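Quick notes on the structure that follows.
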Amino acid sequence: MGCSICVDFCPTNVLEMRGTVVAVKDLAACTRCQLCDLRCPDFAIQVFD
Ligand code: SF4
């Protein structure tokens, strides 16, 4: 959706906006905390181990 909620909530700055879409900037920094998944109002993100 490009609303950037997930970008704002990620505690380790894994995600970033690229134009109007969200992109993974640093996958190695992801702790699988699932905050991005839980906060997304449109269920647009799923975190897999
Ligand atoms: S699961 Fe990964 S990408 Fe999502 S908020 Fe947590 S650290 Fe960031």
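All of these numbers come straight from a predicted model, not from anything done at the bench. Ligands are counted one by one from 1 in listed order, and the atoms in each one are counted from 1 as well.
- Between Cys40 and Ile5 the shortest side-chain heavy-atom distance does not fall below 4.5 Å.
- By the criterion of side-chain heavy atoms lying less than 4.5 angstrom apart, applied directly or through intervening Ile, Leu, Val, Met, Phe, Trp or Tyr residues, Ile45 is not grouped with Val21; the two fall into different hydrophobic clusters.
- For Leu15 against Cys36, the heavy-atom pair with the smallest separation is CD1-CB, 4.1 Å.
- For Pro11, the side-chain contact (heavy atoms from CB on, under 4.5 Å) partners two or more places apart in sequence, or in a different chain, are Cys33, Leu35.
- Here Ser4 pairs with Val7, Asp8, Met17 under the side-chain contact (heavy atoms from CB on, under 4.5 Å) rule; sequence neighbours left out.
- Applying the side chain to side chain donor-acceptor pair (under 3.5 Å) test to pairs two or more places apart or on separate chains, those with a residue in residues 17-42 are Glu16-Arg18.
- Sorted by chain then number, the residues whose non-hydrogen atoms approach ligand 1 to under 4.0 Å are Cys10, Pro11, Thr12, Val14, Cys30, Thr31, Arg32, Cys33, Gln34, Leu35, Cys36, Val47.
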